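Have a look at the structure below before the remarks.
Sequence lines set the chain letters: A, B, ... in the order given, protein chains first and strands last, and positions in each chain run from 1. This is a predicted model, so every value here is computed, not measured.
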6 protein chains.
Amino acid sequence: MRIDGRQANEIRPLTITAPYTKYAEGSVLIEVGETKVICTASVEERVPPFMKGQGRGWVTAEYSMLPRATQVRNQREANKGKLGGRTMEIQRLIGRALRSVVNLQALGERTITLDCDVIQADGGTRTTSITGAFIALAMAVNKIHEQHNLKSFPITDFLASVSAGVVGGKPLLDLAYEEDSKAKVDMNIVMTGNGQFVELQGTGEDAPFTREELNTLLELAEEGIRGLIERQKEVLGPIADKIGGSGRAAGK
Amino acid sequence: MRIDGRQANEIRPLTITAPYTKYAEGSVLIEVGETKVICTASVEERVPPFMKGQGRGWVTAEYSMLPRATQVRNQREANKGKLGGRTMEIQRLIGRALRSVVNLQALGERTITLDCDVIQADGGTRTTSITGAFIALAMAVNKIHEQHNLKSFPITDFLASVSAGVVGGKPLLDLAYEEDSKAKVDMNIVMTGNGQFVELQGTGEDAPFTREELNTLLELAEEGIRGLIERQKEVLGPIADKIGGSGRAAGK
Amino acid sequence: MRIDGRQANEIRPLTITAPYTKYAEGSVLIEVGETKVICTASVEERVPPFMKGQGRGWVTAEYSMLPRATQVRNQREANKGKLGGRTMEIQRLIGRALRSVVNLQALGERTITLDCDVIQADGGTRTTSITGAFIALAMAVNKIHEQHNLKSFPITDFLASVSAGVVGGKPLLDLAYEEDSKAKVDMNIVMTGNGQFVELQGTGEDAPFTREELNTLLELAEEGIRGLIERQKEVLGPIADKIGGSGRAAGK
Amino acid sequence: MRIDGRQANEIRPLTITAPYTKYAEGSVLIEVGETKVICTASVEERVPPFMKGQGRGWVTAEYSMLPRATQVRNQREANKGKLGGRTMEIQRLIGRALRSVVNLQALGERTITLDCDVIQADGGTRTTSITGAFIALAMAVNKIHEQHNLKSFPITDFLASVSAGVVGGKPLLDLAYEEDSKAKVDMNIVMTGNGQFVELQGTGEDAPFTREELNTLLELAEEGIRGLIERQKEVLGPIADKIGGSGRAAGK
Amino acid sequence: MRIDGRQANEIRPLTITAPYTKYAEGSVLIEVGETKVICTASVEERVPPFMKGQGRGWVTAEYSMLPRATQVRNQREANKGKLGGRTMEIQRLIGRALRSVVNLQALGERTITLDCDVIQADGGTRTTSITGAFIALAMAVNKIHEQHNLKSFPITDFLASVSAGVVGGKPLLDLAYEEDSKAKVDMNIVMTGNGQFVELQGTGEDAPFTREELNTLLELAEEGIRGLIERQKEVLGPIADKIGGSGRAAGK
Amino acid sequence: MRIDGRQANEIRPLTITAPYTKYAEGSVLIEVGETKVICTASVEERVPPFMKGQGRGWVTAEYSMLPRATQVRNQREANKGKLGGRTMEIQRLIGRALRSVVNLQALGERTITLDCDVIQADGGTRTTSITGAFIALAMAVNKIHEQHNLKSFPITDFLASVSAGVVGGKPLLDLAYEEDSKAKVDMNIVMTGNGQFVELQGTGEDAPFTREELNTLLELAEEGIRGLIERQKEVLGPIADKIGGSGRAAGK
């Protein structure tokens with residue numbers, strides 16, 4: 001039995017409010033247990049300089065935490081004058097993961113920026129951001145698809161993410177902060193609707209881990225992500241039916 | 001009749017959710033029409049270097065907007081590597097205003113930081129931040145008061161803020177974004193529960209204004225702020241009764 | 001009787017040297033008592049990116065203090081790597097105030113930058129900067145007017161600024177530093193030649209203030225500003241006659 | 001047959017020059033094919049503020065590329081005024097990986113900084129940095145061990161790293177730059193001498209990957225890392241015998 | 001005959017106003033032709049961290065130009081967020097030069113900061129800054145000497161600086177901007193009262209120069225500096241007599 | 001006899017490895033005693049904005065030290081977020097010196113960036129950088145000359161640099177770090193193949209110096225630089241014969 005009464009393979013209660021704000025082309029408030037993230041998708045009709053003139057779009061992400069999203073207040077990165085390493089690492093991960101299911105050719109020369117702002121942090125903020133940002137992305141892509149009469153729907157598959165780790169010798173799915181801080185192995189997994197991996201990041205800073213442990217964690221994650229994608233489908237409703245219809249993602 | 005059907009002297013619908021997050025000592029989601037701000041109050045048991053050893057506390061504020069709080073996405077200040085002038089101006093205003101109703105001596109050597117994060121902006125984000133931050137502040141001060149058995153309650157009066165302006169020749173209370181962008185005169189007023197001014201900022205960039213116009217705007221504001229303070233009292237409940245019991249604020 | 005022997009409604013001795021430097025299109029050394037500011041106006045035949053192609057000009061301001069303009073040496077903002085909040089607040093105020101009396105349409109696609117560099121600070125540096133910068137601006141606009149044969153003179157009215165405050169219970173005009181540091185209410189007022197307000201900033205951090213106090217301070221300021229504008233007219237000579245002939249300012 | 005004639009499971013020619021510079025407590029020039037990295041270990045007799053007084057040491061890493069380590073010259077991060085996301089991600093990885101085999105308790109209150117400076121980049125700079133930095137670390141730890149008569153040798157196991165990826169449908173070990181740029185899946189693996197994982201980072205930005213592909217890549221990596229550790233032992237000579245004698249690493 | 005009618009070995013008209021501002025311990029407005037610099041000396045009763053506890057003082061300098069000190073307006077370094085290379089080079093030169101005539105031991109644990117702010121630039125701003133800063137330094141040192149009853153006067157010799165260059169084939173002393181921009185060789189020389197060199201910086205970017213040319217320039221400079229030091233003595237009056245009485249400077 | 005057994009007029013052992021890296025158009029590892037610098041020359045087919053459309057090229061330099069190039073580890077400038085004054089001073093010197101022997105007209109609209117990265121520092125890193133960068137520059141210019149069939153070879157003369165100083169009363173050539181730290185006078189000299197000066201920087205922070213001392217140091221330097229240029233000719237082989245064939249350098 002875990003600290004919050006969950007089973008080892010159980011995800012925390014999930015609430016998704018979409019749309020959540022009125023200006024963004026896509027927006028979500030996603031709550032996984034006590035972790036709460038606002039994800040918005042903003043569309044611009046231009047691409048960054050390094051992609052100009054290729055006829056392809058771009059998807060990128062930014063991640064931030066409100067100063068008091070955590071137990072102890074964190075100084076704003078705007079005040080420090082620069083982004084920290086953790087923030088950079090996470091927003092690069094979110095952007096890379098989302099691009100893996102977008103056909104940038106089909107999207108056309110536009111940029112979609114996913115902003116993931118953590119209102120409250122209780123473990124799993126990066127995986128929750130990915131799961132929520134996918135919904136905001138799909139909402140925004142749907143608007144582009146309709147307004148610009150795109151030939152195909154530029155999202156090629158569903159995408160969600162979850163953490164798993166070994167705590168007190170036991171493999172557990174979706175670690176809350178208290179579990180995470182005691183974990184010997186900490187893993188973040190991003191998977192597509194067809195059950196393949198997009199990102200896999202495992203860290204054993206406190207102790208190395210074996211192939212067997214790795215395999216158990218991957219199985220927990222697979223099951224968890226399958227459930228998250230079911231919920232994404234419910235929230236997206238008719239938009240969900242358009243996803244994956246256009247063939248393969250054209251990576252960077 | 002105004003664009004949203006309000007009377008000239010009417011404030012937009014006000015919703016206050018408090019507490020709003022689980023870690024902060026005080027927290028509020030304040031919604032004035034479509035303007036939504038999360039205000040949290042964080043307590044630290046130390047003061048900034050320039051105040052050390054004086055036996056007095058400090059109250060300060062930070063203000064930020066989520067990138068897509070606005071119609072067009074704004075670049076994060078953390079990415080630009082510095083705070084903009086508007087942000088600095090606003091957070092200095094919020095901090096100054098709140099300090100005017102805090103007895104820093106009675107507070108003791110602690111710092112309370114008010115974080116005002118705008119989730120959605122539709123005009124009046126700085127005045128809404130002040131009105132909401134006051135509640136978060138009172139909640140946090142109440143916790144300190146109880147835990148540390150302070151002799152007196154360090155908040156000396158209520159405090160709220162509203163905007164007023166001249167739009168199309170007519171003085172209006174609490175401008176929404178669309179009104180604000182057409183205003184010839186724009187004024188932000190901060191008042192205490194006893195009906196005195198703490199801050200007054202009037203700008204006539206597009207056209208100068210007369211003493212008569214000024215007087216009308218101040219009367220609108222006075223009425224509006226009286227209403228806001230009523231609502232603060234309801235939200236704060238028993239905490240409201242402690243406010244002002246300790247005599248005068250000891251300014252910086 | 002005030003610390004320097006002045007009456008409550010008396011401004012400190014005013015000296016204006018114009019032109020003061022040889023390269024700038026307009027330049028002034030303005031001394032109000034011991035407060036000394038160099039104001040220069042620099043003209044560029046282009047506007048910032050956000051104003052391109054609108055056929056209108058731009059007026060902006062920058063403010064700085066020499067490190068030893070004050071009793072204790074201040075670190076240079078260039079060394080800190082960023083502008084402080086106070087600097088930003090002040091230079092935004094100066095720019096906004098000056099734009100209120102410039103017909104940007106009549107100015108054409110050019111930028112005038114007002115640099116206000118405080119050589120010595122003894123209270124009232126921001127109001128002195130505005131009063132001095134107006135003269136530098138008028139000198140520069142006059143050069144443009146002559147060289148480019150503008151149809152109308154792009155300055156629509158005179159503009160000057162002064163401070164007023166309540167010190168030891170008494171409303172006083174034009175506070176020197178020592179008075180300012182003891183003031184319970186501190187107000188900066190910017191007015192035009194026709195006696196209307198352009199900016200009004202009142203702060204009661206140490207104690208809130210009443211409508212009556214506000215009214216007295218505004219009356220002191222009105223009288224003071226009338227005197228300052230007289231002096232601007234003398235310094236500007238024939239240029240003064242051109243001001244206001246072109247109708248209304250076209251704000252931003 | 002691969003572009004450089006290697007087998008799928010073959011690592012590029014490896015040259016290690018140690019010591020390489022005269023001031024650092026440990027230093028290595030490691031060359032894996034055309035990838036060349038200077039790794040130095042610098043010892044300081046103090047720990048960062050957040051670790052003071054715990055009696056434990058700290059190990060951290062910094063990573064940089066000379067501007068012309070790459071085909072096209074890169075702007076220096078010192079000129080940009082900040083570290084890029086890729087640099088931060090890599091140096092956090094190197095530091096975390098090395099700490100996993102250091103008994104920080106046994107090290108005592110000292111900091112070892114590993115500087116990994118890439119002289120020439122041809123794929124695998126982060127994995128090469130880890131493999132090289134481990135040697136520099138062991139050299140520096142050995143000096144501390146001798147000078148300060150530590151009770152146990154603070155390194156608990158060997159550590160090396162390699163990349164693997166799927167290129168043109170084939171799983172390959174140790175990707176050169178040309179292979180890496182065509183890889184559909186790219187994986188970096190860090191393992192200890194006892195064959196366990198410390199870090200696992202797999203990315204399928206261009207296409208997701210299956211469990212089977214993952215397993216094949218991990219097997220290639222295991223074999224490759226075993227070979228690298230053999231070479232580390234040769235280079236370290238008698239120091240190698242001390243490693244792992246002191247029991248388990250005490251993580252952060 | 002030179003553009004301004006001077007002889008080859010003639011310095012421009014020199015005006016020195018001292019003291020120039022009321023707060024600084026030493027202050028000067030120095031005008032060499034159209035080049036105008038405000039130099040202030042500020043005393044602090046502490047030294048930078050790297051010099052603590054050695055019983056010796058520190059002398060340092062900062063240099064800046066007002067944005068419109070030049071023909072075309074320069075962006076403020078505070079706005080760029082960093083000092084330019086030219087500024088750094090110049091302020092390091094000024095500090096180094098002044099320290100060469102200060103007995104830091106005799107000064108005691110205090111820091112004197114020389115701020116050189118160029119109001120108008122017409123060539124020779126760095127040499128003019130050194131000549132002016134020496135006077136401000138002597139004024140400040142004299143105050144310390146009197147207030148703290150120092151045993152010896154900590155300035156060991158006079159110090160001044162001038163430029164010389166080869167323009168149109170002719171060696172000229174004290175180049176004005178127009179001459180400087182055409183110079184093939186540009187040299188800045190700093191000398192002491194006893195006729196020795198403290199700094200020598202010669203640049204032949206447009207054409208290399210010979211030993212003979214070097215010798216002629218040094219002779220011009222020697223003569224020019226002798227004249228400048230005469231003027232320093234006049235301005236300093238009784239303070240001048242104390243200089244050099246205490247023996248040798250104790251360099252860093 | 002000097003600390004390392006050299007004569008007063010003797011340069012330390014010199015080793016030049018060229019080419020040193022595979023991507024740069026020119027590259028050198030230059031070792032002068034224990035001082036080791038990697039110099040690379042990178043060619044871009046464009047010039048900085050301020051030189052566009054003039055038909056002339058640009059040569060610039062950047063200088064950096066690896067953190068542990070020195071006895072005590074230095075913090076990276078990329079981490080500090082800005083270049084230090086010493087770095088700026090040195091890279092400006094290197095760029096200026098190299099431009100003095102380049103015919104920018106003959107080079108055409110291209111930029112050559114010289115990167116000088118100090119691997120190990122034992123005195124004379126800036127002079128060693130210049131001597132080494134000249135070789136990398138010549139290699140890169142030779143490639144441009146051949147690929148673009150330039151009419152004339154854009155390098156007009158050889159260029160090398162050495163330090164000299166007065167240590168313990170004796171003038172010495174090419175100071176090692178230990179000598180440099182005791183030097184009363186420190187001088188860096190840059191000369192061309194025809195024996196003329198390009199840069200001369202002499203500093204007597206610890207004690208001023210006389211004309212006689214200056215002359216002796218210049219003679220030592222002349223002799224030393226003659227030897228360095230001999231070695232440049234050997235290393236450059238056939239490229240050396242092309243240098244100086246095209247007449248005079250066209251400075252900036």
Item to check | Top of D:Gln91, D:Glu199, D:Gln201 for chain A proximity - count of heavy-atom pairs under 4.5 angstrom | outcome: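 If we count pairs closer than 4.5 Å to chain A, D:Glu199 comes out on top.
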Checklist entry - Mind checking which of residues 217-230 of chain A sit less than 4.5 Å from chain D, heavy atom to heavy atom? => result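 The stretch touches chain D at A:Leu218, A:Glu219, A:Glu222.
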Item to check | Atom NZ of D:Lys170: over 12 foreign heavy atoms under 6.0 Å | outcome: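 Count not over threshold, so no.
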Next on the checklist: Take a 6.0 Å sphere around CD of A:Gln54 and say whether it holds more than 12 heavy atoms from other residues, nucleotides or ligands.
Outcome noted: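 Yes, CD of A:Gln54 has more than 12 neighbouring heavy atoms, counting only those of other groups under 6.0 Å.
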Are side-chain heavy atoms of [X] and [Y] found at a separation under 4.5 Å?
X        : Y        : answer
A:Glu89  : D:Met88  : no
D:Phe197 : A:Leu214 : yes
D:Gln196 : A:Arg211 : no

Checklist entry - Closest approach of D:Gly204 and A:Ser100, non-hydrogen atoms and distance? => result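 That would be O-CB, 3.9 Å.
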Checklist entry - Heavy atoms under 4.5 Å from chain A: which residues of residues 67-77 of chain D carry them? => result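 Residues qualifying by a heavy atom under 4.5 Å from chain A are absent, so none.
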Checklist entry - How would you list, in number order, the residues of residues 179-194 of chain D that have a heavy atom less than 4.5 Å from chain A? => result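 The stretch touches chain A at D:Met187, D:Thr192.
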Item to check | D:Thr203 OG1 to A:Leu200 CG distance, which is reported to the nearest 0.5 Å | outcome: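 The distance works out to 9.0 Å.
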Next on the checklist: Could you work out, with salt bridge (Lys or Arg N to Asp or Glu O under 4.0 Å) as the rule, every residue matching D:Lys52, not counting sequence neighbours?
Outcome noted: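 With sequence neighbours excluded, D:Lys52 shows a salt bridge (Lys or Arg N to Asp or Glu O under 4.0 Å) to no residue whatsoever.
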Checklist entry - Is it the backbone or the side chain of A:Arg96 that comes under 4.5 Å from a heavy atom of chain D, or both, or neither? => result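 A:Arg96 touches chain D through backbone and side-chain heavy atoms alike.
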